[in-house]
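Read the structure below first, then the notes.
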Amino acid sequence: QVQLVESGGGSAEPGGSLRLSCVASGNPYYNNIMGWYRQAPGKQRELVANIRSSDGNLHYAEPVKGRFTCSRDNAKNTLYLQMNSLKPEDTGVYYCKLSELPGSDFWGQGTQVTVST
């Protein structure tokens, strides 16, 4: 069973930075997409960014383009999200997701990110 563990959340002021990490264990299928989602209070969970294992193809949601950088280390089964120029609207619980191709979806437990003065 694949397990995902996120780390790196916390608090930052507007304009600040945070870096999230997600480690996948349990021998996930080599062909997969890993991504970050977030959920703000009272809102639906939304995609932030994802990256494909086979070719590194990246996708970013419009609100984070130019501010967030998603990357992965396939050898370590680790996904990263560098978040710069943070805004209060970036506040939420950030979840890591791994989608095997083909196969199942797996989610992490989430990590809180709070951006405020």
Side-chain angles (χ1 to χ4, degrees):
Q1 182 75 0
V2 174
Q3 292 187 325
L4 304 174
V5 178
E6 302 102 335
S7 62
S11 297
E13 294 186 348
S17 299
L18 287 171
R19 188 184 193 221
L20 307 183
S21 299
C22 170
V23 179
S25 61
N27 198 26
Y29 187 59
Y30 76 98
N31 192 16
N32 60 67
I33 295 176
M34 291 187 77
W36 292 100
Y37 289 71
R38 67 186 181 188
Q39 188 166 18
K43 294 189 177 181
Q44 289 189 331
R45 193 174 298 188
E46 62 178 5
L47 173 68
V48 175
N50 61 23
I51 182 169
R52 195 159 54 197
S53 63
S54 58
D55 58 5
N57 184 271
L58 274 162
H59 172 77
Y60 291 98
E62 283 295 332
V64 307
K65 282 184 178 179
R67 300 188 298 120
F68 291 9
T69 301
C70 181
S71 61
R72 64 186 293 167
D73 184 333
N74 287 336
K76 296 180 179 179
N77 281 333
T78 302
L79 178 73
Y80 304 98
L81 185 68
Q82 178 65 44
M83 304 185 292
N84 298 329
S85 302
L86 283 164
K87 303 176 180 181
E89 51 263 43
D90 295 319
T91 294
V93 179
Y94 283 68
Y95 297 90
C96 176
K97 179 184 178 183
L98 186 148
S99 299
E100 296 178 323
L101 303 172
S104 303
D105 292 340
F106 303 93
W107 290 90
Q109 81 287 353
T111 185
Q112 177 70 43
V113 170
T114 302
V115 184
S116 65
T117 56

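Keep in mind the model is a prediction, meaning the values are calculated, not measured.
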Atom of [X], atom of [Y] and distance for their closest heavy-atom approach:
{"X": "Lys43", "Y": "Gln39", "result": "O-NE2, 3.1 Å"}
{"X": "Ser53", "Y": "Asn74", "result": "O-ND2, 3.3 Å"}
{"X": "Ala24", "Y": "Pro28", "result": "CB-CG, 4.3 Å"}

Residue pair [X] / [Y], side-chain heavy-atom distance below 4.5 Å:
{"X": "Pro14", "Y": "Thr117", "result": "yes"}
{"X": "His59", "Y": "Ile33", "result": "no"}
{"X": "Arg38", "Y": "Pro63", "result": "yes"}
{"X": "Tyr95", "Y": "Cys22", "result": "no"}

When hydrophobic residues are tied together by side-chain contacts of less than 4.5 Å, even through go-betweens, does Tyr80 share a cluster with Val5? no

Should the heavy atoms of other residues, nucleotides or ligands under 6.0 Å from [atom1] of [X] be counted, would the total exceed 12?
{"X": "Gln3", "atom1": "CD", "answer": "no"}
{"X": "Asn27", "atom1": "CG", "answer": "no"}
{"X": "Gln44", "atom1": "CD", "answer": "no"}

Which Ile, Leu, Val, Met, Phe, Trp or Tyr residues join Met83 in one cluster when any pair of side-chain heavy atoms under 4.5 Å counts as a link? Val2, Leu4, Leu18, Leu20, Met34, Trp36, Val48, Ile51, Leu58, Tyr60, Val64, Phe68, Leu79, Leu81, Leu86, Tyr94, Leu98, Phe106, Val113, Val115

Donor-acceptor check, side chain of Thr114 to backbone of Ser11, threshold 3.5 angstrom: yes or no?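 No, the answer is negative, given that no donor and acceptor are paired below the 3.5 Å cut-off.
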
For the pair Glu6 (side chain) and Cys96 (backbone), establish whether a donor and an acceptor sit closer than 3.5 Å, ignoring hydrogens and angles. yes

Separation of Leu101 CG from Asn31 CG (nearest 0.5 Å):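 So the gap between those two atoms works out to 5.0 Å.
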
When Asn32 is tested against each of Arg72, Arg52, Glu100 for side-chain hydrogen bond (donor to acceptor under 3.5 Å, both in side chains), which residue passes? Arg72

